Amino acid sequence: MISSEAAPFAKTGGLADVVGALPSALADFGDEAAVVLPRYRSIDLKSARRVWDKLYVHFGPRIFETNIYQAAAPFPVYLVDCPPLFDRPGLYGESGGMDFPDNHLRFAVFARAALGVARHLFRADVFHCHDWQAGLVPAYLRTTFSTDPTFLGCRTLFTIHNLGYQGLFPKSALAEVGLDAGLIRPDGMEFYGRVSFIKGGIAYADALSTVSPTYAREIQTPEYGFGLDGSLRARSADLSGILNGVDYREWSPEVDAHLPARYSAADLSGKAVCKRQLLAEFGLPENAIGRPLFGIVSRFTRQKGADLIAEAIGEIVALDGYLVALGTGEPEYEDFFRRIQGEFPGRVAVRIGFDNGLAHRIEAGADLFLMPSAYEPCGLNQIYSLRYGTVPVVRATGGLDDTIEEGTGFKFAAYSGEAFRDAIRAAAAAYADRTGWEAMMRRGMDKDFSWKASAAAYSALYRRMVSAR
Ligand code: ADP
């Protein structure tokens, strides 16, 4: 697995959860997986060991020296250490949203070093490449290394976790990363006058997947295709949708060490303790305990539907509800959340930041969880919410549509404030009927989205790819 994120080493979103959990789940199907990850500043090398010295990446006259470390983990995790490229404050850019200007070089060196890991340390039958940051791996294998005996017969799977992030650079970037200008063509890596790293995966991987069946269909339409729907339709036969699993060892109220009290479907009493403590942690009034508490944990971006929150916050307050939100992201949306906190003091409480423990406590302490996403490839928080008896209110798109059903949550279709408010009203009405509400919570808690089914699907796909060679 070649990925720019893997929990617990480096995480900004769901990609990290997937790559952190899938290798162990695959082991049950007899598949041995290793992960290659950049060594960012936030990854401590103290418990890692150096397993390869001086793996050089040459791009024309430029030479990058990398060293490979293996981290202490249940499966091999190789860290590509190249301080000039990765010893920086963020994964992809400075905080505040500006990408690093040399991201093309950073992830090209990463891709080449990952192939070096495969050459020297871990022979792979399949390169499972995740998102644009690994998009050059299929491109290098198809070009630079097409006759290299090490990689003969190797297959590539490219998984799209979010089509909205494409790795777009000026055309000149291609030469800088040692790829031929001939790849700049519409059925190659060209995208409206620029070079697209995600198209390296889409055009040159042997197979494509994304993280839910509905999203696999949606991205082939203009509405959700971000301009790539044509390229994806051209590869429709090779594109599958495999729903992410979740790691219930991390995300279950029975065992969650981040909570002030634990609970289960059989005994929900601990959930009230979690709610009381969450209200206190956010400085909301104690007497809110009997009222619906809505929770949000999210990257604050347009994708996650902040615009719809703006149109529905008045409704939540009018229904005598409360809202707690945790997230970081684009300054404009961070400001929006600060603003509604100021507008509805004692009703709406917001934390700007990344705080895993608090994310767990919101999942446990809230009654309802809001995900009005414009699009959602899979989404993990709604699945966590089910397990915590926190009823999701979601827009019926992508993985949200595939995981939430009538009886376990509330769905709305149109991306409009009106549709969202209707769903919130329906949810608040249901909350008022305690017996019905607990039945709904328990139906959600009984759902099983563990990795087993997803790992089985990936394993079968890898095997099909390898037997086709
Ligand atoms: P995405 O990958 O689009 O961000 P997902 O729902 O697939 O969305 O995954 C989000 C993951 O990141 C979840 O594990 C969620 O708990 C976590 N997360 C997102 N924002 C924060 C935050 N501000 N603090 C802690 N965890 C967060």
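This one's a predicted model, so the numbers in the text were calculated from it and none came from an experiment. Each residue takes its place number in the sequence, starting with 1. In each ligand, atom 1 is the first atom listed, and ligand 1 is the first ligand listed.
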N/O donor to acceptor pairs below 3.5 angstrom from side-chain atoms of residues 10-18, sequence neighbours left out:
| residue | atom | partner | partner atom | Å |
| --- | --- | --- | --- | --- |
| K11 | NZ | D17 | OD1 | 3.0 |
| K11 | NZ | D17 | OD2 | 3.0 |
| T12 | OG1 | E5 | OE1 | 3.4 |
| T12 | OG1 | E5 | OE2 | 2.5 |

Any protein N or O within less than 3.5 Å of an N or O in ligand 1? List each pair with its distance, or say none.
| residue | atom | partner | partner atom | Å |
| --- | --- | --- | --- | --- |
| ligand 1 | 2 (O) | G14 | N | 2.6 |
| ligand 1 | 3 (O) | R299 | NH2 | 2.7 |
| ligand 1 | 3 (O) | K304 | NZ | 2.8 |
| ligand 1 | 4 (O) | R299 | NE | 2.7 |
| ligand 1 | 6 (O) | L380 | N | 2.9 |
| ligand 1 | 7 (O) | L380 | N | 3.4 |
| ligand 1 | 8 (O) | K304 | NZ | 3.1 |
| ligand 1 | 9 (O) | G14 | N | 3.3 |
| ligand 1 | 14 (O) | K11 | NZ | 2.9 |
| ligand 1 | 14 (O) | D17 | OD2 | 3.2 |
| ligand 1 | 16 (O) | N381 | OD1 | 3.2 |
| ligand 1 | 23 (N) | G353 | O | 2.8 |
| ligand 1 | 24 (N) | D355 | N | 3.0 |

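A salt bridge is absent between D335 and R339: the closest approach of a Lys/Arg side-chain nitrogen to an acidic carboxylate oxygen does not fall below 4.0 angstrom. The pair R88-D102 meets the salt-bridge criterion, since a charged nitrogen lies less than 4.0 angstrom from a carboxylate oxygen. K452 and D28 are not joined by a salt bridge, as no carboxylate oxygen comes within less than 4.0 angstrom of a charged side-chain nitrogen. Here E376 does not pair with R395 in a salt bridge; the nearest charged N to carboxylate O distance is not below 4.0 Å.
Under the 6.0 Å distance and 45° angle rule, R302 does not count as a cation-pi partner of Y333.
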